[in-house]
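We're numbering straight along the sequence, starting at 1. These figures come from a predicted structure and were not determined experimentally. In each ligand, atom 1 is the first atom listed, and ligand 1 is the first ligand listed. Quick note: numbers below take in every heavy atom, side chains included, and nothing from hydrogens, waters or symmetry partners.
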Amino acid sequence: MALQNIFDNETFFEGYQQLRAREVNANNLFEIPERFKLLPDLKGARILDLGCGTGEHCREYIEMGASAVTGIDISEKMLAVAKEQNSDPKITYLKMPMEDLGKLEGEFDLAISSLVLHYIEDYKGVLKNLNRLLVPGGEFVFSQEHPLATAYSGGERWTRDGNGRKLHVNLADYSVESERDTTWFVDNVKIYHRTFSTVINDLIDAGFIIEKVVEPKPSEEILEKYPDYYDLFHKPDFLLVKARKA
Ligand SMILES: C[S@@+](CC[C@H](N)C(=O)[O-])C[C@H]1O[C@@H](n2cnc3c(N)ncnc32)[C@H](O)[C@@H]1O
């Protein structure tokens, strides 16, 4: 199976870095705060970060008391930034696809993965290998693009009124689970659309107990400052799950 490594595409990488450098973005307002709320006490925890990117969260986990963090990622460019800007004696960065988790040795108390699983075709395989790497009762906290977002099938994403105001989202083929090509900085970025029930049921089948599910939406305070985020009431961008190894 040919794996995508889109973050090593120069144009994609530059576009993504610029997006993340903006103070106001959906990661900073929603995904990151909600993910950190789901984390257990990290004191002494051995953490596996799946798709760690540029490693800023690996460093934060150490600052929050984790005893060791292993960050894995498929992208050389993302890992180069991680090693330059977010290295620490307690962090190990490994260049490997998470589809190869079966080859990883070790034992982890907690696995975290932010905004990566929608790039993975073999979700079931990753969950099976991850379950083996966690201690009994070990936790898995992850975020991914929400299934209502990955269901995008081309064409106009929004229906708008005469003034361009978004009225509702256009949705097609939600129940067709498939690879979807999108354009994000470059053409032909592959994501894998799975329904909400598949995301949850595959976790259960792999031996996890679901503890919490979050679909972030803006607070009144955020809406006052950034009214465009009302979009999230029509279509959540992110899905976050906290699960525990049974
Ligand atoms: C949207 S970024 C998120 C990075 C980081 N987790 C964060 O939240 O800042 C997605 C990351 O997943 C990595 N990735 C994509 N496919 C992967 C795979 N098959 N195995 C491991 N990492 C992968 C990318 O290289 C990229 O660094």
For atom 17 (C) of ligand 1, state which one of I74, L79, L3 supplies the nearest heavy atom.
I74
Near S75, which atoms of ligand 1 are under 4.0 Å from a heavy atom of that residue?
25 (O)
Distance-only N or O hit between ligand 1 and S114, under 3.5 Å
yes
Do any N/O atoms on R20 end up under 3.5 angstrom from N/O atoms on ligand 1?
yes
Who pairs with N27 by side-chain hydrogen bond (donor to acceptor under 3.5 Å, both in side chains), at least two apart in sequence or on another chain?
none
On a heavy-atom basis, the closest approach of V116 and L50 is CG2-O, 3.5 Å
Near Y16, which atoms of ligand 1 are under 4.0 Å from a heavy atom of that residue?
1 (C), 2 (S), 3 (C)
Does F7, backbone or side chain, put an N or O under 3.5 Å from an N or O of ligand 1?
no
When only distance counts, is Q4 in polar contact with ligand 1, meaning an N/O pair under 3.5 Å?
no
Counting both backbone and side chain atoms, is some N or O of V116 under 3.5 Å from an N or O of ligand 1?
no
Looking only at distance, does E99 have an N or O less than 3.5 Å from an N or O of ligand 1?
yes
Would Y61 and F36 count as a close aromatic pair, with their ring centres under 6.0 Å?
yes
Give the atoms of ligand 1, by number and element, whose distance to some non-hydrogen atom of C52 is under 4.0 Å.
5 (C)
Using a strict 4.0 Å cut-off to heavy atoms of P97, name the atoms of ligand 1 that fall inside it.
20 (N), 21 (C)
Side chains of E56 and T54 only: does a donor on one sit below 3.5 Å from an acceptor on the other?
yes
Can you find a non-hydrogen atom of L115 under 4.0 Å from ligand 1?
yes
Could you check whether any heavy atom of E31 sits closer than 4.0 Å to an atom of ligand 1, since that is the contact criterion I want to use?
no
